[in-house]
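Okay, so here's the structure we're looking at.
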Amino acid sequence: MMSSTLVAGCLALSLASSSALPTPRQVQVHAEDLPVEVALSGDARGWRTVERDEVHEGAGPFWMRTQVEVPVREDGAPTPALALSVLGSWEAWWDGVPLGRNGQVGRTPEEEVPGRVDALLPLPPELSAPGTHLLTLRISSHRLGFQPVGIVHHLRAGEAASLAQARMLGLVPALCTLGALVLMGLYHLARVRLSHGGLATLLLGALCLAAAALLLLEAWRGLANYPYPLHAPRLRLLAAAVLAVSALLPATVHAAFGEPRRWLRWAGLGLGLLSLVLVRGFDGKNGVALGASLTVSMVLAMRAWRRGEKGALGALVGLGLTGTLYMLAPWGFSELGFFLAFGGLLLCLAAVHAQQQRRQQERLESATRVAERLQLELLKRSLQPHFLMNTLAALSEWVETEPAQAVRFIEALGAVYRHLLAVSGERTIPLARELELCRAHLDVMGCRQGTAFHLETAGVDLEAPVPPALLHTLLENAFSHNRYVSPHTFRLEGSLVAEGTRPRRRYIFLAPSGTGTPRGGGEGTGSRYLRARLEEAFPGAWRLEDGPTEAGWMTRVEVPA
């Protein structure tokens with residue numbers, strides 16, 4: 001609450017100090033490089049009136065003159081100063097008296113010495129009485145590097161301390177927001193690196209850093225007061241930061257709420273960004289880009305809210321407040337209201353993301369506990385007395401009659417439990433290790449039932465991660481519901497399924513039909529174990545379907561690729 005009050009107070013003071021100093025909106029320009037005495041004579045021939053923010057007569061040198069109002073001040077107040085922001089080098093005369101220069105005006109780029117973009121000149125005490133005064137400038141801008149709408153950005157007379165204070169009041173809140181955005185961005189990127197955070201975490205971190213870069217580039221002018229040739233590179237970097245923010249904002253909202261209509265984000269944003277070619281000036285292009293981004297993001301958040309997504313209302317409120325501030329000053333939004341609007345918006349998105357991460361962590365912990373409990377039940381089922389008695393009886397007979405078969409059975413049984421022990425504590429394992437466990441289990445069952453079982457695979461990636469004992473559990477379920485008295489082949493097919501920009505890996509496991517009780521669709525220990533393991537490994541991003549087919553029982557599993 002205190003920080004919000006401070007920011008609001010700074011904005012109010014900045015606006016008040018700005019409104020107290022009148023700003024001329026029209027100026028006169030002369031495209032020729034007149035002699036000084038002619039330019040200062042007051043002759044009206046060749047001069048034309050233009051809007052102040054549309055002054056650009058080429059590289060020059062050219063002349064500009066305008067009336068400047070010096071405000072009334074109290075007795076004993078300091079002599080006023082003149083604040084100028086011009087993209088070029090210039091010489092100034094105040095009521096016909098030389099006032100100063102910024103750089104050196106030249107007829108060629110080699111002759112010109114670039115001036116700073118901002119300057120603050122003290123006015124002559126004898127010529128600083130309240131009222132209207134005439135300012136005349138000779139300007140050249142050979143090293144501008146781009147075609148601006150206008151090169152005169154700021155022209156104002158007033159008390160030097162007030163002018164400097166108005167300048168700093170616009171920087172302090174933005175710099176405070178800058179620090180918070182950098183910390184938020186680094187925090188979310190560190191979570192991605194250390195905690196295997198999802199796409200939404202990565203995009204939110206990148207969005208925070210892109211917004212911080214935008215704020216830093218906006219503040220660079222006030223902090224560094226660079227020579228005017230650097231203004232073009234700054235504007236291009238600023239445009240790149242605006243485009244990054246404009247693309248990352250709807251992408252973050254999309255990833256946070258899983259928008260099903262993936263084309264909606266790119267279609268709306270793409271149309272908005274394509275319209276940039278029709279807009280004049282960097283400020284106009286930036287305003288259109290941010291407006292298109294906010295519009296698409298609000299549509300995505302509104303759709304998520306209607307679907308009942310958790311946290312969508314908070315994101316919608318943040319976007320609504322940001323959109324309101326944007327509408328107040330769309331063309332100067334990146335410079336004026338961006339720090340306040342996007343600072344609050346990103347705090348809302350971070351809070352929504354934190355709630356989603358907490359719910360996901362709770363689901364993960366619950367799935368882990370369930371998987372551990374079910375794993376113990378499966379192990380108990382594998383070691384139940386009936387199984388041990390049958391195994392020992394068969395082993396005793398083989399030792400006497402078929403020693404080689406007994407050795408094969410012991411090795412296969414040892415391989416099964418060795419693999420189970422090795423993978424029991426893992427969240428995922430390579431598919432190759434899972435297939436080794438399955439083939440060892442088929443060897444055991446083949447020895448017990450006096451026949452041969454095989455596992456065929458097609459289109460699988462042996463390095464792809466799968467939950468441990470996933471296929472092994474499907475095999476156990478098949479043998480629990482069927483009696484196989486002849487050789488049978490189990491099949492596993494793998495494929496990549498395109499789903500938007502994120503492909504998924506699909507596995508189809510087919511267990512052949514045998515004799516015994518037909519399998520139903522109930523939730524046994526094995527099925528619950530499968531779902532718990534999939535949720536633990538791929539929270540909320542997996543699918544499991546099963547059912548009978550003519551060839552047997554089919555199980556389809558889809559996980560992120």
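Quantities reported herein were computed from a predicted structural model and do not represent experimental measurements.
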Original post:
How long is the gap from CD on Glu57 to CG on Asp33, to the nearest 0.5 Å?
Top reply: 13.0 Å
Original post:
Hey, are Glu69 and Thr132 close enough side-chain-wise for a donor-acceptor pair under 3.5 Å?
Top reply: yes
Subject >> Sidechain-backbone polar pair: Arg234 side chain, Tyr226 backbone, donor-acceptor under 3.5 Å >> reply: no
**OP:** Return yes if some donor-acceptor pair links the side-chain N/O of Ser140 with the main-chain N/O of Arg107 below 3.5 Å, else return no.
**Re:** no
Original post:
Are the side chain of Thr108 and the backbone of Glu111 linked by a donor-acceptor contact shorter than 3.5 Å?
Top reply: yes
**OP:** Mind checking side chain to side chain donor-acceptor pair (under 3.5 Å) for Arg65 and listing every partner two or more places apart, or none if nothing turns up?
**Re:** Gln28
Original post:
Would you call Leu84 and Asn102 a side-chain contact if the rule is heavy atoms closer than 4.5 Å?
Top reply: no
Original post:
With no hydrogens and no angle check, is any side-chain donor or acceptor of Ser41 less than 3.5 Å from a backbone partner on Val38?
Top reply: yes
Original post:
So, Trp542 and Glu535: side-chain donor and acceptor under 3.5 Å apart, yes or no?
Top reply: yes
Subject >> side-chain contact (heavy atoms from CB on, under 4.5 Å) partner of Met64, the single match among Thr136, Val50, Val86, Leu155 >> reply: Leu155
Original post:
Hey, does the side chain of Arg143 reach the backbone of Pro114 with a donor-acceptor pair shorter than 3.5 angstrom?
Top reply: no
Original post:
Under the 3.5 angstrom rule, does the side chain of Ser141 hit a backbone N or O of Gly88 as a donor-acceptor pair?
Top reply: no
Subject >> Pairs flagged by ring-ring contact (aromatic ring centres under 6.0 Å, His included) wherever residues 77-132 is involved - sequence neighbours left out >> reply: Trp63-Trp93, Trp94-His133
